[in-house]
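Beneath this line is the structure, given in C-alpha cells, with notes to follow.
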Amino acid sequence: MKNLVICLFFATFLFGCNFGNEPSVAKLPTAKPIIIGIVSVKNTLTVDTTTMADNLVFSYQWYAADVPINNAIEKTYTLTSNEIGKTITVKVSWTNTDNTSESRLSKATIAVIILKAEENFIDYAFLQKQALSLATKYPIFSTKVIGKSIENRDIIAFKISSQVNTDSAQKAKIVLVGTYHAREWIVPNVVYLIAQQLLEDYGANSEITALIDNSEIWLVPMVNPDGHEYSKINASTRYWRKNRRDNGDGTYGVDLNRNHSFKWGYDDTGSSPTTSSNTYRGKTPASEPETQAIERFVTEIHPQIFVSYHSYSQLVLYPWGYINDPSKDNTQLSAIATKISEAIKEVHGKVYKPSSTPEVLYNTNGDVIDWSYGALDILSFLIELRPGEWPSTGINGFSPHKDEILPTFEENYNAIKYLLSAAQNIKNSPIKSLKLSQEHE
C-alpha cells in the first residue's frame, strides 16, 4: 500500500546500482507482478507495493566496476521485516562471454522510508498501485477504467459510495477530475487525497458518513497520464502541458482542455489551430482518446455537479469560457462558486476568487466545463489551486514547494463537504429536476 524507497549502501569496491542519468526499469517475472523496481541514482532503489506484506520482493540490477552497464544482471530479493535496518549479503552470479562463470558478494544495509501523497508529488504508478490497495481496504471504494490514453495507459476513475457495486438513481452524483495539464503536479495529489480522506472519514466522521451515504462520488485524478509521465523525465520536459499526440509535423501534443466538442474552435483566441502551440485544440472536436473518455464517462454518470482541478492562480471558475457573456444559470453558478471560495478560505485563509474565466484570465473554447455545462446542463466549475499569481509568490506557479500539498488539499477538502451537500440539494430540487426534464426532451 505504501511507496517505499529502499536505500542500499554498498562498499565502494563491490557491486553498485546503475548510476546512469536515465533510470532503468527492472521487470519482474510474471509470477510476482505486484512489485516493480526502478534503479535510480544515488544508490536508491524505488519500490512500489500494493500491500505491505511480511516479505517484500523487489528486483534490482547490479554491475561490477569492470562490467559494462548493458551487461547488468537482473536479480530479485525477498526482504523480510526483521532485516530492515540490518546488513544483508547478496550473491550475484553471471556467465562471461567466454562461457566462464563468476560470482561476487556484496553487503548492503537496508533502510525503509515511507513516502506519502501529502508530502511528495505522486505519479501514474502511484495511482495504479493505490487504486488496488484502497479497493482492498475500503468496501465503499471501487475503480473503473474509463478509457485509454494516446500511449495506451489506463485512465482510472475512483468511485466512492455506500452502494459501490450498484448505480443508485436515488443518490446525488458528483464528478471530480484532475491533471488535464501535465505540468500541474499538485493537482493529482489533491484529487487523490480527497478520495483517501473521504474513505478514512467514512464511519468515523458523522457528517462525511451522511454525505457519502447519500452520494455517488467519482474522481479521475489523472486525465492526462502520458503528459504527466513525460513531464517527470527531466528539467527540459518539466513544464510540458499537452498530451503526447504525434502531430505528424515534428510537434507533439493536443491541449485536452481545448479539445472538447462544445464550441470547439469557436475562435483562434480561446484555442489555437497551430500544432506547436500550448493551446493547440487538435484536428477535430474530441479527437483525443482522453477527451473522448471523459465525454463518454460524464455523459453516462450525468452528475449534478462537475469539477475540474487545475493549477495555478487560486480561482473558482464557471461558464462561460468561450465568450464573455453570462450563462442562463449565471446567478446559481456564481452563488455556488462563492460558497466554494468561502469554504476554502475557512481553513487557511487563502482566497480563491470566484469568477467566469474571461473576467479574470482569458477566453477558452473547447474546455471541459463549457462542454459539461453547455452539452449536458451540469453545473460545472474549474478550481485553480495554489499558489496565487506568479508575480505575487516569487516562484514558478507550476512548481510549488512540496509543503504546499497538504494545506492545499485541506482547504479544498472543506469545499468538498459543501459541494456534496449542494449536489444533494440539486438532486432533491423539483424545480431543477423539472428544468432538466424539459430541456432534454
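Because only heavy atoms are used, hydrogens play no part in the values below, and waters and symmetry mates are left out as well, while side chains stay in.
What you find for E288 and R245 is that their closest heavy atoms are OE1-NE, 3.0 Å. Nearest heavy atom pair, residue T143 against residue A131, reads CG2-CB, 3.7 Å. Nearest heavy-atom pair, I383 versus V307, reported as atom, atom and distance to 0.1 Å: CD1-CG1, 3.8 Å.
For the side chain to side chain contact (heavy atoms under 4.5 Å, CB included) with F409, the lone residue among N414, I194, V191 that qualifies is I194.
Note that R183 lies outside the cation-pi zone of Y239, set by a 6.0 Å cut-off to the ring centre and a 45° limit from the axis. Cation-pi geometry between K232 and W185 is met: under 6.0 angstrom from the ring centre, within 45 degrees of the axis.
Of the possible donor and acceptor atoms, one in the side chain of Q292 sits under 3.5 Å from a partner among the backbone N and O of A286.
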Please determine whether ring pair (Phe, Tyr, Trp, His ring centres under 6.0 Å) holds for the pair H260 and Y180, giving the CA-CA distance in whole Å, both sets of side-chain angles, and the decisive distance to 0.1 Å.
CA-CA 12 Å; H260 281 281; Y180 261 76; 5.8 Å; yes
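You'll find the side chain of Q314 stays beyond 4.5 Å of the side chain of L385, heavy atoms only.
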Result block: side-chain N/O donor-acceptor pairs under 3.5 angstrom for residues 204-211, not counting sequence neighbours:
{"from": "N205", "atom 1": "OD1", "to": "E207", "atom 2": "N", "distance (Å)": "2.9"}
{"from": "N205", "atom 1": "OD1", "to": "I208", "atom 2": "N", "distance (Å)": "2.9"}
{"from": "T209", "atom 1": "OG1", "to": "G203", "atom 2": "N", "distance (Å)": "2.7"}
{"from": "T209", "atom 1": "OG1", "to": "N205", "atom 2": "O", "distance (Å)": "2.7"}

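Taken from CD1 in I122 to OH in Y192, the straight-line distance is 7.5 Å, to the nearest 0.5 Å.
In this structure, Y322 and W320 have perpendicular ring planes: the angle between them is above 60°, well past the 30° mark.
Legend: residues meeting side-chain contact (heavy atoms from CB on, under 4.5 Å) with A337, ordered by chain and number and at least two apart, are V316, Y318, P354, F381.
Counting only residues at least two apart or on different chains, no ring pair (Phe, Tyr, Trp, His ring centres under 6.0 Å) pair has a member in residues 332-369.
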